[in-house]
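Note sheet for the following structure.
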Amino acid sequence: MSNTAPLARYRTMRRIRSFEERVGELFLKGESAGSMLHLSIGEEGVVGVTDAMRPGDSFTTHHRGHGVFLARGADPARMMAEIAGKATGYCGGKGGSMHIADRQLGHLGANAIVGGGIPHVVGAGITARNRGLDHVSVAFFGDGAMSQGILYEAMNMAALWRLPVVFCCINNQYGMGTRVDRSAGRVAFAERARAFGLAGAWVDGADVEAVHRMAADLLAGARAGQPAFLELSVYRFYGHARMDKSPYRTPEEEAEGRRRDPLATARGALLAAGIATEAELDRIDAEAGAEMDAALAAAIAAPAPAPEAMFRDVYAPGTPQPQPQADRLRAILAEGSAA
Amino acid sequence: MSNTAPLARYRTMRRIRSFEERVGELFLKGESAGSMLHLSIGEEGVVGVTDAMRPGDSFTTHHRGHGVFLARGADPARMMAEIAGKATGYCGGKGGSMHIADRQLGHLGANAIVGGGIPHVVGAGITARNRGLDHVSVAFFGDGAMSQGILYEAMNMAALWRLPVVFCCINNQYGMGTRVDRSAGRVAFAERARAFGLAGAWVDGADVEAVHRMAADLLAGARAGQPAFLELSVYRFYGHARMDKSPYRTPEEEAEGRRRDPLATARGALLAAGIATEAELDRIDAEAGAEMDAALAAAIAAPAPAPEAMFRDVYAPGTPQPQPQADRLRAILAEGSAA
Amino acid sequence: MSTTTYREALRQALIDAMTADADIILLGEEVGVYGGAYGVTKGLIELFGESRVIDAPISEAAIVGAAVGAALTGLRPVAELMYVDFAGLAMDQIANQAAKSRSMFGGQMGVPMVLRSQGGTGRSAAAQHSQSLEAWFLHTPGLRLAMPATVSDAYHLLRQALTQPDPVVFLEHKGLYALKGEVGDAPDAPWGAPAIRRAGSDLTLVAWSRMVHESLAAAEALAGAGVSAEVIDLRCLNPLDLGPVFASVARTGRAMVVTEAALTGSAASEIAARIGEHCFDWLEEPVLRIGGEDIPIPVAPALERAAIPTAALIADAARWLVHREAPPWA
Amino acid sequence: MSTTTYREALRQALIDAMTADADIILLGEEVGVYGGAYGVTKGLIELFGESRVIDAPISEAAIVGAAVGAALTGLRPVAELMYVDFAGLAMDQIANQAAKSRSMFGGQMGVPMVLRSQGGTGRSAAAQHSQSLEAWFLHTPGLRLAMPATVSDAYHLLRQALTQPDPVVFLEHKGLYALKGEVGDAPDAPWGAPAIRRAGSDLTLVAWSRMVHESLAAAEALAGAGVSAEVIDLRCLNPLDLGPVFASVARTGRAMVVTEAALTGSAASEIAARIGEHCFDWLEEPVLRIGGEDIPIPVAPALERAAIPTAALIADAARWLVHREAPPWA
Ligand SMILES: Cc1ncc(C[n+]2csc(CCOP(=O)(O)OP(=O)(O)O)c2C)c(N)n1
Ligand SMILES: Cc1ncc(C[n+]2csc(CCOP(=O)(O)OP(=O)(O)O)c2C)c(N)n1
Ligand SMILES: [Mg+2]
Ligand SMILES: [Mg+2]
């Protein structure tokens, strides 16, 4: 175990967890835009994948994508503002938690349609190939998306055209209230990918270093033209969205699942390897907490978008824009009608 | 090799071929409804599958489904009439070649959407299960449908719910002008099915007896709750549809492909096993030809549907029907407007 | 008569129908153990078992496709799309399979299924979870289309839908589940017929689903301003029976059609066009459409609200139409 | 000016655009080796190579999805749906992804792609290969929608579509590919503006795609009967510029909107509703819609023809509207 990278990964994972905890607070304060907030607590091991990505690489996420984006360098204040539907958010408060995106950081978009963002990486792969760039594009999605046909269409295309693409399934064992063995005829997901001609692998998502080794291999392969599929096995610590108390899970199962904690695992490994002391790790934790407190406060203080903003960005500037209803009614009624 | 069944299968295969040849004539005579006619010549080995089905079993087909339907007992005259768009056809001349169906014979419908009929067998499987019937439902489709996501969604459901369903891929090596290795990242289709939890098998579709043995096994398994996938490897003897001369294939490849002739293979086997003589087989051939000549003549002689027929069957009788445009215009215009 | 909620009325309709007809099955995501994303199917898996209340994988296309197959073979499936926004995933099975089978097959087989879903705004659910897509179904011959606005219709229209021989798209509204009201002993009108929710003489307001309530609130406000508005709830968009609307417009001479959907290409345009064709001689003013803005729904709560019609906007436009009284925003 | 066919003009537009812009790629079923189901892309794979002319598996949803991803990352893909009837398979990627990305992401990224497809009747291709589904796209904010009727527009509208910053659904008509005509040196009108194809004073006929030709034939027949019909070709349904239509109706006082699509919920209803709203004071008669019957298209050739408007029907209705001359069928 080398020193700096694992420690940095720990820090990123802690920042994710702290961020998600603040998202929960945002909701409880009644400051979030809606209640469709899907926390990635328990899934922080995905940092092993994002850490294998490079500048220029792109990605799409599902509805539970805060962690991935943060790990790819997002500004937590702009993220939190977006989740609050504020003008200072990544999408000016129009997208929200499920549609956050950032062109600069290669985030081609979170998606509220299960599986919706998966084929976009195929297109990103074509762009990279046609332009001779060695960029990889990674689709992050949940186990639920394993039931969406478009995943197989996209995997087939990636394999057929040998595109620099990785499909990363964050299997948190549940799609809403449905445990994965109640949605899949057979749960060996990597075999499905292999049957389509992809490299396919499974890894314990609670062990970020194992994830990272596996992801580094697969991403290198993808850059060289062997697209891949990686399943991260994790556990969804909390409910599906903010209103869900997971009555369909037993307390025992939840306790067991939460023992598969990527942060606790990493902490133990760092201490055992002598890379960091308890005090150093505590400081990292505290810094992350403070950073996210600030992001939360900034988001709450930020202004809401102006109502007119809703008409912008439907189409590009300089092209015909949507006609606001008030303008239409004015045009019809202002002159009066035949008397 | 027992005697009667193989001979009967030969007869059915010959009837299919003769029928398809007459469909070609129908088109050349300008008597077909359109040119979207997809001949199943070269694919007659599918009779090995249909022969493993029982009364009460149901099925759906793709656009190249004449052979399957004929093998399940269709009346060739009513089929030909439907292909000609005539009132005496299976669907009253409203469906045509690509939408032929027959409730009585369990034909839940041919489909012009690649993959469109596949999920219907899942529903038929639910019906059988819920009613405690030991009926199997079989989806027939081409290699092209292996790229449609809905196939994987349907296979997953069948496996998950252990439904009495069989997915039968008639791989004729081409989807229109695209050879299967140019559409599939990996061509081992049965492995895809196995990865979803189905029984998966491959068989040489030119050998109807081999097909039948395999299909009988898989259908028996499906009846017992193990859904299955079967790939028949065949060759599409002619163009995709009636206008296509297959310029994308070499004459050598076509010659080679046509050597994989299910009829020639069966004929050879029947003679070698002493089940039938050349003369007996010739008589079967001649009978089939005469039968299909009659079907062709009947279809040509049959009346076209009355124009009003188009408004029928959009909705069930006794419920509100579509308002013909002429009636609408009459209602608007008949009384005149404000003078 | 019993007082309940829209959600509970739907649930009771399913229970009563499933009790009466063993061929009815439910098929959809989270309809079983979870009890439905909005609680409509809560407890039904316990009542009817796993073979009739089927939790499906997240496979919208195959869910609808399986329902088509089940319907073709004799069951009466209720397929559920958790959000109508997901219709795009299943649109082939809805529009090319369910809708066309009876006709293509020359009347041999029908597809007696109900496709339940819900749409609309009100939860800051953003652009992919807030749409009103009934226009897609309206434009598909072969589909029936019901959209209950009231608690009583939630019950009765669903019961009626579950007796239809053809596929019914049944669209609930996420903003109405908590609505309280009474379930009448009989439907407010026959299947496919509109209901006059408020009588009036100056103006006809035509609406369905949640916009019936905005229209009623507008009518109430208008009454205070001396404008008497008739409010007609279409209930079904297919069959689409505009006879009562034409009769109303013949009296009032003025019509407004209100929809929550993006206005362009909406069902409101169809209805306005028909009123224009059939009521030309009676119209004193243009048939006015009030609809959602032609934009994807933004997540920010204030923007979401601004993107769709409110009672205030309807009343403003009505006063202008009837009394030439321009509102402040005009 | 050069005389060619609609098919060839489309092909030339692709060649010229791809020559000028190396970021343009084609992605679709049979677009390469086969040359396109209707021959529009014949020879392009030889000209531009397999990395720019990509034969895709039969995966409509992922074809559109991959195009979205390519567009988001800087290419300008032309995705093809072989028949517009397959849109139901890809509708989520079209309506929830391509259309909404720019707005949801607050304007950071656009999706500059063209979705080419073709629709309409004329080949006895039956219910799943003969539809006119533009209403679905018209009802989706974020999409542009172009439907060329002429050979010149086949070229110029496609070239213009290939410069748009937002997704353009570009719908050809299978019955027009063999149409002969001239490609003008410049477009007949700016992007989004209609073209007046024939001037007239008694009646305004509004159409697009193949119905422009039926309307022109009707206008010709009407001229013989002393009725002067103006024919306006909308060319684009988004942007939808009805200014010239309103101006025309202000002169003629009578309007008919003609579509090949199933009438109910069609784009014709939208346009009729808008004419009704904006031209109320000028209208002498109701705005009449002429459309396809509200049925799945039957395969029998005579039924297929009877299911959609013809020049004769348009002319009959127009004579009735203008001269109160009832046709034999009325
Ligand atoms: C196409 C589609 N179907 C259904 C939903 C409703 N839905 C939202 S999240 C979810 C479960 C997704 O599970 P999974 O993919 O495992 O992701 P997780 O929530 O577990 O991270 C469902 C069914 C949706 N948003 N999109
Ligand atoms: C969804 C859909 N996409 C495309 C087509 C056009 N099309 C018709 S047949 C065909 C090829 C199908 O190939 P395959 O499934 O192998 O069947 P085959 O024709 O070889 O029997 C295509 C692309 C279609 N009808 N439906
Ligand atoms: Mg999950
Ligand atoms: Mg094939």
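Per chain, numbering begins at 1; letters A, B, ... match sequence-line order.
Contact annotation: the side chain of Trp208(D) approaches that of Thr259(D) to within less than 4.5 Å [non-hydrogen atoms, C-beta and beyond].
Closest non-hydrogen pair, Ile58(C) versus Glu29(C), comes out as CA-OE2, 3.3 Å. Residues Val84(C) and Gln131(C) approach most closely at CG1-O, 3.5 Å, considering heavy atoms. Heavy-atom minimum distance, Pro194(D) versus Ile232(D): CB-CG2, 3.7 Å.
Per-residue counts of heavy-atom pairs under 4.5 Å with chain D were compared for Cys279(C), Ser266(C), Gly276(C); the largest is that of Ser266(C). Most heavy-atom pairs under 4.5 Å with chain D: of the set Leu283(C), Asp92(C), Ile295(C), this distinction falls to Asp92(C).
Between the side chain of Ser209(D) and the backbone N or O of Met211(D) there is no donor-acceptor pair closer than 3.5 Å. Looking only at distances, no side-chain donor or acceptor of Glu285(D) sits under 3.5 Å from a matching main-chain atom of Arg254(D). Distance alone, capped at 3.5 Å, places no donor-acceptor pair between the Asn96(D) side chain and the Gln128(C) backbone. Under a 3.5 Å cut-off, the side chain of Glu260(D) and the backbone N or O of Thr121(D) do form a donor-acceptor pair. With Asp85(D) contributing its side chain and Ser130(D) its backbone, the two residues share a donor-acceptor pair below 3.5 Å.
Neither the backbone nor the side chain of Ile271(C) comes within contact range of chain D, judged by heavy atoms closer than 4.5 Å. For Gln93(D), no part sits under 4.5 Å from any heavy atom of chain C, backbone or side chain. With a 4.5 Å cut-off on non-hydrogen atoms, Leu138(C) touches chain D through its backbone and its side chain both. With a threshold of 4.5 angstrom between heavy atoms, Ala262(C) approaches chain D through its backbone and through its side chain. When heavy atoms are compared at a cutoff of 4.5 Å, Ala267(C) does not approach chain D at all.
Every side chain to side chain donor-acceptor pair (under 3.5 Å) that Asp294(C) has, sequence neighbours left out, goes to Thr264(C). A search for salt bridge (Lys or Arg N to Asp or Glu O under 4.0 Å) contacts involving Arg144(D) returns nothing, not counting sequence neighbours.
Screening Leu240(C), Leu171(C), Leu115(C), Thr140(C) for a side-chain contact (heavy atoms from CB on, under 4.5 Å) with Leu145(C), the sole residue that qualifies is Leu171(C).
Contacts from residues 300-309 of chain C to chain D, taken as heavy-atom pairs separated by less than 4.5 Å, involve no residues at all. Taking 4.5 Å as the heavy-atom cut-off, the residues of residues 98-112 of chain C that approach chain D are Lys100(C), Ser103(C), Met104(C), ordered by number.
Taking the six-membered ring where the residue is Trp, Phe86(D) and His129(D) present perpendicular rings, their angle passing 60° and hence far from 30°.
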